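What follows is a short report on a single structure.
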Number of protein chains: 2
Amino acid sequence: MASFMLSDFLPYRLAVVASRMSGAYERRHSSDSGLSVPEWRVLAHLSQSSEVSVREIQTRVDMEKSKVSRAASRLEAQGLVAKVVNPNDRRLVSLSLTSEGKALMVRLTPIALQFQADVRALLGADAEQFEVSLNKLMKAKL
Amino acid sequence: MASFMLSDFLPYRLAVVASRMSGAYERRHSSDSGLSVPEWRVLAHLSQSSEVSVREIQTRVDMEKSKVSRAASRLEAQGLVAKVVNPNDRRLVSLSLTSEGKALMVRLTPIALQFQADVRALLGADAEQFEVSLNKLMKAKL
DNA sequence: ATATATTTGTTGCATTTGCAACGATGTCAA
DNA sequence: TTGACATCGTTGCAAATGCAACAAATATAT
């Protein structure tokens, strides 16, 4: 039997590409934003759905709730996010962007879209098919 | 302008899929092996190239050298890997699998290959093209 | 040969992470 | 209502991580 090749192993390759891509994107915006990846995810999610709980973000954004909670606290300390107890259900916290947070997202969005465009350009004609497969993997119960 | 959609963002999707896939694979073998991901990577790399330094693994396997060093130490403590100073260049450490380490890889290799086959089956006819694109991203300087 | 610079692997340290426990709130049934 | 149970967000804690500093070994230059 041929010896096992880690460099051909799908989970490995995916992890390496994902880590490099996250790093590359982080380098592009961190000098402006100073955000970590978890903070970026929370901020970006809030920009598309204005009033959300920690739990909502946890499920939508694929992060542990403690990670979300801590990222939200850091964002609050930076003045980018407001945390208010939900009056209808006082267990929930309503997270929303401050005007400062919105302003940051206005600056970050074009950077994100440009980065994504660059990646797609790199893939050329295969980009669309690649994303279809990626969606399959997202939906699959791995 | 349409609001930014994190769920469509490539670095995000890639990170989520990679993390889930690594987790799924880890669940399949950890009950047998007890290995963490860094330990698995070092062990798997050693199985395909018998005598290697920490630096070699660091570059080939895309891990910080401290991560490699600590993973190797844990593997040594478990009796799976032998660490010897290289007599030609005494800065280097020669890592190699013990017979116990080889035996573990013999058990793990079919599990890994089966997992990969399952993922490819999930992607169906698109699997090949997906891996071509993944290779493009691996080679790109992101 | 000697001094300087580079490479290699380990370790200290601060930060981040995942997990479980917890208090607080809310739901449901009897 | 009361009591048992579930849900939400935070926090304590141990482990993992990234980075810089470091000692040892080697390479390079003068």
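Proteins get letters first, then strands, A, B, ... in listed order; numbering begins at 1 in each. Bear in mind the structure is a predicted one, so any value in this text is a computation, not a measurement. Heavy atoms only: backbone and side chains are in, while hydrogens, waters and symmetry mates are out.
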Practice problem: Could you tell me the separation between the CZ atom of A/Arg74 and the C1' atom of D/dT10, rounded to a whole number of Å? | Solution: 14 Å

Practice problem: Please report the closest heavy-atom contact between A/Tyr12 and B/Arg41, naming both atoms and the distance. | Solution: CD1-NE, 3.6 Å

Exercise. Return no unless some side-chain N or O of B/Lys83 is found under 4.0 Å from OP1 or OP2 of C/dT10.
Key: yes

Quiz item: Contact class for A/Ser36 vs. all strands (heavy atom < 4.0 Å): base, sugar-phosphate, or nothing?
Solution: nothing

Quiz item: Say you draw a straight line from CE of B/Met21 to CG of B/Leu122; how long is it, rounded to the nearest 0.5 Å?
Solution: 8.0 Å

Exercise. For B/Glu39 and D/dA15, give me the distance from atom CD to atom P, rounded to whole Å.
Key: 14 Å

Quiz item: Checking only heavy atoms, does the side chain of B/Arg91 share a donor-acceptor pair with the base of C/dT7 at less than 3.5 Å?
Solution: yes

Practice problem: Starting at atom CD of A/Glu64, determine the distance to atom C1' of D/dA16, rounded to an integer number of angstrom. | Solution: 15 Å

Self-check item: Point-to-point distance, once rounded to the nearest 0.5 Å, from CZ of A/Arg107 to CG of A/Asp32
Solution: 4.5 Å

Quiz item: Could you give the CZ-to-P distance, from B/Arg41 to D/dT17, as a whole number of Å?
Solution: 10 Å

Practice problem: Quick one: label B/Ser73 by what it contacts on the DNA or RNA (base, sugar-phosphate, nothing), any heavy atom closer than 4.0 Å. | Solution: nothing

Self-check item: Residue whose closest nucleotide on DNA chain C lies nearer the 5' end, B/Gln58 versus A/Asn88
Solution: B/Gln58

Quiz item: Could A/Arg20 and B/Asp62 be called an ion pair, given the rule that one side-chain N must be under 4.0 Å from one carboxylate O?
Solution: yes

Exercise. Would you indicate, yes or no, if C/dG18 has its OP1 or OP2 atom less than 4.0 angstrom from a side-chain nitrogen or oxygen of A/Lys67?
Key: yes

Quiz item: Any donor-acceptor pair under 3.5 Å between the side chain of A/Arg70 and the base of C/dG18?
Solution: yes

Quiz item: Is the shortest side-chain N to carboxylate O distance from A/Glu128 to A/Arg120 below 4.0 Å?
Solution: no

Quiz item: How long is the line joining CG of A/Asn86 and P of D/dC8, in whole Å?
Solution: 12 Å

Quiz item: Does B/Trp40 have its ring centroid less than 6.0 Å away from the ring centroid of B/Phe115?
Solution: no

Practice problem: Answer yes or no: does a side-chain N or O of A/Ser66 lie under 4.0 Å from OP1 or OP2 of C/dC19? | Solution: no

Quiz item: In which ranges does DNA chain D form stems of 3 or more consecutive Watson-Crick or G-U pairs, distances under 3.5 Å?
Solution: C:1-30 with D:1-30

Exercise. Ignoring hydrogens and angles, state whether a donor on the side chain of B/Arg13 or A/Asn135 is under 3.5 Å from an acceptor on the partner side chain.
Key: yes

Self-check item: Nucleotide of C/dG9, D/dT17, D/dT10 approaching A/Lys65 most closely (side-chain heavy atoms)
Solution: D/dT10

Self-check item: Atom pair distance, as rounded to whole Å: CE in A/Met63 and C1' in C/dT16
Solution: 12 Å

Practice problem: Please state how far atom CD in A/Glu26 lies from atom P in C/dT16, giving the value in whole angstrom units. | Solution: 11 Å

Quiz item: Between the base of C/dT25 and the side chain of A/Arg90, is there any donor-acceptor pair under 3.5 Å?
Solution: no

Quiz prompt | Below 4.0 Å: OP1/OP2 of C/dT10 and any side-chain N or O of B/Ser69 | solution = yes

Exercise. Would you mind reading off the distance between B/Leu92 atom CG and C/dT10 atom P, rounded to a whole angstrom?
Key: 11 Å

Exercise. Step by step, work out the side-chain hydrogen bond (donor to acceptor under 3.5 Å, both in side chains) result for A/Ser73 and A/Lys83.
Key: CA-CA 8 Å; A/Ser73 295; A/Lys83 281 170 65 179; 3.3 Å; yes

